[in-house]
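Okay, structure first, notes after.
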Amino acid sequence: MAAKESAAPPLNDVDIVHLAQRKQPSNSHQQSNVSLPPFLLSPHSHKDLLSYLHSRAASPCPSSAVCEYVISLLSLISLSPGTPTVCSLLSSLLSSYTQLFPSLPHDSNSLRAIKIFNTLLIHVPLEDLKLVIDLAASDLSGVVSVDDAQLFDLLPQCFELIRNAEEKGGDYVNSVVDKILDSKWSKGFLLKMVSIAKEFSFLDKTRGNEFLEKVFVGIKTVDLMDLPSLVYQLLVLASKGFNKREIIEGIVYFFGSESGSKMASTVRQVEGTVLLHVNFAVKQDPSLGKEVMGLVKSDLRAFNHFTVAVLLSVSRVRRFSESSMAVLKTALLTAYRDYKFTKECKWIPDDIKGEYLKSVKVVEKSVLRAVNESNYGREHMVPSILQFGFILLESVGEVNCKELGNSNGLLGIQELGIQMLKTLFEVHDMARNEIIEQIKFRILSLKPELSRPILRLLCYLIQCYPYPMMEHIPRLKELLDYFTFMDGKIASYLVSALLPLIRFSRDLRDYAILVVRKAVFRREDTVRVAATNSIIELILAEKQPKGDGLFSLQDSSSQASCSQQADIPCSMGGDLFQELSALLQRCLYQQAKVKQVVYQGLVKLVLADPAIGGLVFDFLLPHFLQFFKEGPDVQLGVSSCIKSENGKVLIQEPLDCLLSCISWILLLQTHGKTDKLLDSIGACFGFSLSQENEDGRNMSTKVFSGAFLKIRKFLRNANLEGDILGQTHDASSAAVHEEKRKCSALILSGVIEVVLNTVAMDLEKAADQKVELEKEIMQFVDRHDSLAKEASTSRQSNVGKRPNLRATAKDATDDIDSGNPQLIQEHSFFLATSSIYQLLLIALKLYSSESSDIEATSQNHSQSSSSKTSKSCFKIISFALNASLHHVKSSAAVGNEGPMKKLIYGEINMLGPPLLRLTLLLKPGSDVATSQRKNESKAKKDAEERKEHLLLALFCLKEMITVSLCGSCLTHLLENLLSVPELEHADLHDECGQASEIDDQDIKNKELFVQKYLKPLLTDLMKLSAFRTVEILCDIMLMIGHKLPCKWRNSHGAWAIHMCKTNNTANSSIAKSMVRLAINLSSPPTDLLVAQEMLKELLRFVGPNNSDLSQVSEYLVVNQSTTIAIASCLLQITDTVIIDMDWSTKKLKATSQVAQKTIHHNQNGEHNLGFTFEEIVYSRVKAVVEVLSSFVLMSLKDNQAEHFLRLTARFYKNLALISKLKIAPKGQKQLLPSLQFQKLVKLTCKELTVPLYNFVAEMQQAQQENANSKGMINKIKRENKCIPELIFQIEDYEKHLIRLSKATKMNLLKHAKRSTCRDFKILDPTTTNVVGQDVPNNVGNDNDNDNENENENERCSDSEDGNNDGNGLDKVLSHEGESESDAVEDDGASVPTVKGVKRSRIVHDSDDDR
């Protein structure tokens, strides 16, 4: 046999290749019959075989040569791999090839060879495998490309063989992995490691995190084209269960960063491919989708444009469609709410506020960027973007968009949703049909308040893209078909939104006219009003120039052809008005609401096109003559305006609105606008109007002008009570007759307002005859006053008319405070701003001159003229102030700027200076007020009148400031107000001088207004106990003070604190207002320190030892008369602080979750910021504990006690969550609680929890003493709900403290006391004396029992190791029956246990429950 082997002919490399080709088995059944040649089986041939490998490696083309030889030799080896000599040959060949690999070309040939080696590794000895691994991992610096790392494809199989064959094989594998992780990776090696990592199932959590950190650090160097495949491999790795959250985080943060901004288009294409991979991976493994959503939920920092894109892509998977949208919406709303809260919160530092502002800006920009990049391989996301945009529009009501919009550059939810859908409409043609369909569906299905943002979107699309929108006119027609079934306002808004498109499509215009024509004949009043509004809007749209305002469209030659533009109507005459005049005529025979809309619309038409003023007068003349009869005596048919149906009186014709319409058109024509416009039209078309046309145009104008002058004269001279109001007498019942008189008086008062508006405008323009016009105004005001008294009860009637302007100050302020919809929504424009300004000037003039007139008449011993003058003065003041209040309120409700608003309201801030001057004159103690010497009863009546007028004037100023704050024009208003001479006050000169040096004009104006006017007024009115005016002034000061920087706001807070210390008032309303002002204008922590000081003063009056009241109080505002009001105010302030705690506790939870996990992208300073926020929260909570600890010692009234228990329960709920957050999650290192947290726990246990149990016991005792009193049973039922809730929250808080004590080996409950009230029992009358003695003794013995309770808690903490949390909690807070009885014997201060109390009429838990 040996002779045969030695005689075996040698084979060269070519022979081996040919032999391998010949011996290739055709199928697996023949493989066992194939034998290897003796040369290969001989161990002496190995050297020759390996030499052939080296010789081929030195050939000119080594890649194919080596590959051909190695594959041939391995195919022969695979025929008998178990033979010892063949195994030796395989090991030698593998080692040699591994050594030669760095010098060989790395291509597909080498990859084929390595793959065949990988199939035969099972036959290689372990030592040789280790040698191959060491050779491969010895020098990674030569691995540059992916092909250079082909050898590492052998590692997974080698690692698995070594781990399974040796007991310590895992240690060797881990050492190799550590060596690889410690080396420097090239981008090629990184790609190779990611591709084979899915085979490394043995990696533990730590090495897995190191591996991913290495990957996501080196991913920045990877070529863009390699990123999709790399991400795909990572997603495959995550689907295998390998660190899913970390992989998702790494991908999101890498693509969400600003890296790769170069070649932006390529980056977006790559991101699109990656998103498709993510979408596919989530379909295959839904847990990856949950990880994506969990990442955004737990950490808002992960929110970037790529996160948004991922969620939108994942939402295309049916399983995650709703949850992905919910996560996106929640993240967006949370960012807005957090910013809104921090912006208004005083105790949050500016740097943290800046972080939340930055966060919400990042969120907005991320959403917009994800939408803007949706056309780069992301078309699958378009339906999700569309859906999310409409979700945002439907979420507008969840956050106050008006406050967020235009605030520090923020868009707000509504504008963000509109921008998303506008971009989608512009970029993706395929989405346009669906957007229009969704708009149509939502307008028809949503509630009116939710459909307004959808209508605004439609309006934007029509304005920005009119020509693309013309393709969807059939769908818009379908929407118009539902006009009569919509809410009235929504129907009007819909037509207004379509107006720009109607100007481009005559077909749509005709269809809209057909729809509103049908709607006019509907029975529903709201539909008729909407149809009338739409008719006016359609006519107005025709009058608008193409490039004017709302109807401006984007001119682009690419948008439409000449044939399309030829259909655009460009008429300047009154064609559409004449066409629809018959329809408008029909409206004049409908309800009064419809007629009001017509009259206001006609004024708008004349404003838009003064040329049709004559046509409008021709239209109105027949209708007007039904109520105006010209003859020897003017007959104003007021009685014809009223009708009675079924015993109800209704106003059929709003005659005042009709006359207001006529007067405004006359005033507009008087200004000469019509003539100028007609002249310009004639010059344009090359002709001029004939004299006949001029005469025809002016005929109706002259009729109305003459009629209006006659009405003006008639109202000035006629006996209204007899001539007009007396005409309503008929055969109807007395009640109906009285209602008709009231309605007639109401109509006449409105007509007088119209005439007053005209006279006041004449006075403004008059160069002479001003005295006569002023007398005429006073006559009309006097008439209006008498009519107002006649119609005073009509506000409660079912007339449906606007409220009477002649109302008392109390009525007006009550309407404002309650948000009276009549006062807010009524828009009867009878008095313009300029007219009210003239009325205020007349009132100031009369009031200022009254003093000298009274003194002159008193010297002549004639009081009649003085009384008459004073009466007239008060009437015009009352009328002007009520008109101002109604005017300011209605200006805020009118809405957008327009010609009509400019005509009626103009510069409304001009009313500020006369109102302020009138306020200063009406102030008691002013020169005018003190110069009047009248009899005592008359002086008292005048003083009451002045107080009402002063109150109303201050309400007008407050309302003006409120409207200015909403409209961001407060600076202009304050500049006008500062022109009024200020009050002389010696103490404030220095402060005014400091304010004058402020550089910022806005802050300077606010500061000067507070110093010059508000503080002096507050000081003087507090001395006079004018409580309602003080309340208003405090509200104004708070509104302005909150807009000031911290420095100036604190100075006003210090002034308010000084006022509380030095002013002794018995009026509870004044005391409450000043306390609220002092605390709210003080920055933290001063605010709660002031509250603590005031509570200490309150304890002298409502505390347990309130007998010694001889000492002078530090705060004079705190006295026996004001204790209840101040306690209530401080409870409300504390409640507000606890509401802030609710938010801050949630933020602490989010911060804790982020801090407890290690994230590779952790940024510098974030931990410090979170730590700072935590310390600030602890400081605030500590201050709240000190405030509550003062309340717990008081004898609060029933409602206040219940309020205190409820807010304390909420406070302990937050404390429990804070304590729970200090406990480290399972598997993480437990940190020791901070020193500030330990101090907080100690303070809470000693100062609040212990006295709180005594407080509850005293409450139960008081209940038992008054058990038979009226209402006590309901009170007991309410408190039996809040007391168990409070005790539960306390025990829950202490349960988490016990757990934290176990985890940290610190006894945090050493200062806690056990509960004596946790049975929630109502004490029996037989034990009330005992309880009454025990509770105070218990308070006195607290210090003596500290050591005993400390030892008890220590024993409890030690024994709790073997028990669950609930058992330990019971041991801390309530001992077993034996220990309780022992405690009762040892400590006489303890409350008797349940066993010692009779059970008649007692509600308590059973012994089993305990």
Side-chain angles (χ1 to χ4, degrees), residues 345-347 1027 1031 1034-1035 1038 1053 1056-1057 1060 1065 1067-1082 1084-1104 1106 1113 1115 1117-1144 1180-1215 1244 1247-1249 1251-1256 1258-1259 1262 1275 1278-1279 1281-1283 1285-1286 1289-1290:
C345 189
K346 297 189 300 181
W347 55 270
F1027 66 96
E1031 289 177 3
C1034 288
D1035 291 341
L1038 275 176
I1057 294 171
C1060 291
T1065 179
N1067 189 288
S1068 59
S1069 297
I1070 293 178
K1072 187 174 181 179
S1073 298
M1074 291 306 300
V1075 168
R1076 185 165 58 94
L1077 182 68
I1079 294 177
N1080 287 334
L1081 289 183
S1082 300
T1086 308
D1087 54 350
L1088 293 185
L1089 291 176
V1090 173
Q1092 294 171 31
E1093 294 174 358
M1094 291 184 177
L1095 286 169
K1096 291 178 182 178
E1097 296 296 329
L1098 278 176
L1099 283 172
R1100 297 175 59 243
F1101 300 95
V1102 293
N1106 56 358
S1113 175
Y1115 288 87
V1117 75
V1118 181
N1119 52 59
Q1120 193 69 44
S1121 303
T1122 61
T1123 52
I1124 297 177
I1126 294 178
S1128 176
C1129 177
L1130 294 176
L1131 272 174
Q1132 292 173 0
I1133 292 173
T1134 308
D1135 199 354
T1136 304
V1137 177
I1138 292 177
I1139 291 174
D1140 294 348
M1141 275 189 61
D1142 296 340
W1143 176 87
S1144 58
R1180 195 67 173 170
V1181 173
K1182 181 180 177 183
V1184 175
V1185 171
E1186 293 173 346
V1187 170
L1188 293 176
S1189 64
S1190 298
F1191 276 115
V1192 81
L1193 299 177
M1194 293 183 183
S1195 301
L1196 297 175
K1197 298 298 180 182
D1198 295 341
N1199 293 334
Q1200 291 180 348
E1202 184 180 351
H1203 186 194
F1204 169 71
L1205 290 177
R1206 293 188 184 280
L1207 66 89
T1208 307
R1210 285 170 38 217
F1211 176 72
Y1212 272 102
K1213 184 177 182 180
N1214 288 316
L1215 285 179
T1244 305
E1247 301 296 332
L1248 184 58
T1249 307
L1252 195 56
Y1253 289 131
N1254 299 331
F1255 179 84
V1256 173
E1258 291 176 357
M1259 280 186 58
K1275 177 176 176 294
R1278 291 195 308 269
E1279 292 180 353
K1281 293 179 181 179
C1282 60
I1283 292 176
E1285 175 67 17
L1286 171 63
Q1289 297 299 343
I1290 294 175

For this session: Evaluate side chain to side chain contact (heavy atoms under 4.5 Å, CB included) for Q1200 paired with I1124, printing each intermediate quantity in order.
Result: CA-CA 9 Å; Q1200 291 180 348; I1124 297 177; 3.5 Å; yes
Problem set entry | L1207, CG: over 12 other non-hydrogen atoms inside 6.0 angstrom | yes
Exercise. Between C345 and W1143, does a side chain to side chain contact (heavy atoms under 4.5 Å, CB included) hold up when you go through it step by step?
Worked result: CA-CA 11 Å; C345 189; W1143 176 87; over 6 Å; no
Exercise. Just how far is it from atom CG of L1205 to atom CD of E1285, taken to the nearest 0.5 Å?
Worked result: 11.0 Å
For this session: Measure from the side-chain N and O atoms of S1128 to the backbone N and O of A1125, and report whether any donor-acceptor pair falls under 3.5 Å.
Result: no
Exercise. Mind checking whether V1187 and L1130 have side chains closer than 4.5 Å, heavy atoms only?
Worked result: no
Exercise. Between the side chain of E1247 and the main-chain N/O of V1185, is any donor-acceptor distance below 3.5 Å?
Worked result: no
Problem set entry | NZ-CD1 distance between K1213 and I1290, expressed to the nearest 0.5 angstrom | 14.5 Å
Problem set entry | Side chain proximity check, I1126 to Y1115, heavy atoms < 4.5 angstrom | no
Problem set entry | Nearest-0.5 Å distance that lies between atom OG1 in T1208 and atom NE2 in H1203 | 9.0 Å
For this session: State, with a plain yes or no, whether a side-chain heavy atom of R1180 is found less than 4.5 Å away from one of S1144.
Result: no
Problem set entry | Distance (rounded to the nearest 0.5 Å) between T1122 OG1 and L1098 CG | 7.5 Å
For this session: Using a strict 4.0 Å threshold on nitrogen-to-oxygen distance, state whether D1135 and R1210 make a salt bridge.
Result: yes
Problem set entry | Reported CG-to-OG1 distance for the pair L1196 and T1123, which is rounded to 0.5 angstrom | 10.5 Å
Exercise. Nearest heavy-atom pair of S1190 and L1099: which atoms, and what distance?
Worked result: O-CD2, 3.7 Å
Exercise. With I1079, which of L1088, V1090, I1057 fulfils side-chain contact (heavy atoms from CB on, under 4.5 Å)?
Worked result: V1090
For this session: Looking only at non-hydrogen atoms, find the nearest pair between N1119 and F1101 and report the distance.
Result: CA-CZ, 3.8 Å
Seminar exercise, completed: Looking only at heavy atoms, the pair that brings E1031 and S1069 closest together is OE2-CB, 3.2 Å
Problem set entry | Test side chain to side chain contact (heavy atoms under 4.5 Å, CB included) applied to L1081 and K346, step by step | CA-CA 10 Å; L1081 289 183; K346 297 189 300 181; over 6 Å; no
For this session: Check whether the side chains of T1244 and Y1212 place a donor and an acceptor atom closer than 3.5 Å, and report yes or no.
Result: no
Problem set entry | Atom NZ of K1197: over 12 foreign heavy atoms under 6.0 Å | no
Exercise. Parallel, tilted or perpendicular: which describes the rings of F1204 and F1255, with under 30° parallel and over 60° perpendicular?
Worked result: perpendicular
Exercise. Under 3.5 Å, side chain of D1142 to main-chain N/O of N1214, donor-acceptor pair present?
Worked result: no
Problem set entry | R1100/E1097 under salt bridge (Lys or Arg N to Asp or Glu O under 4.0 Å): CA gap, chis, key distance, verdict | CA-CA 6 Å; R1100 297 175 59 243; E1097 296 296 329; 3.7 Å; yes
Exercise. Do we see a donor-acceptor contact under 3.5 Å between the side chains of N1080 and D1087?
Worked result: no
For this session: Working to the nearest 0.5 Å, report the span between SG of C1060 and CD1 of I1070.
Result: 11.5 Å
Seminar exercise, completed: Nearest heavy-atom approach of T1065 to N1067 is OG1-N, 3.2 Å
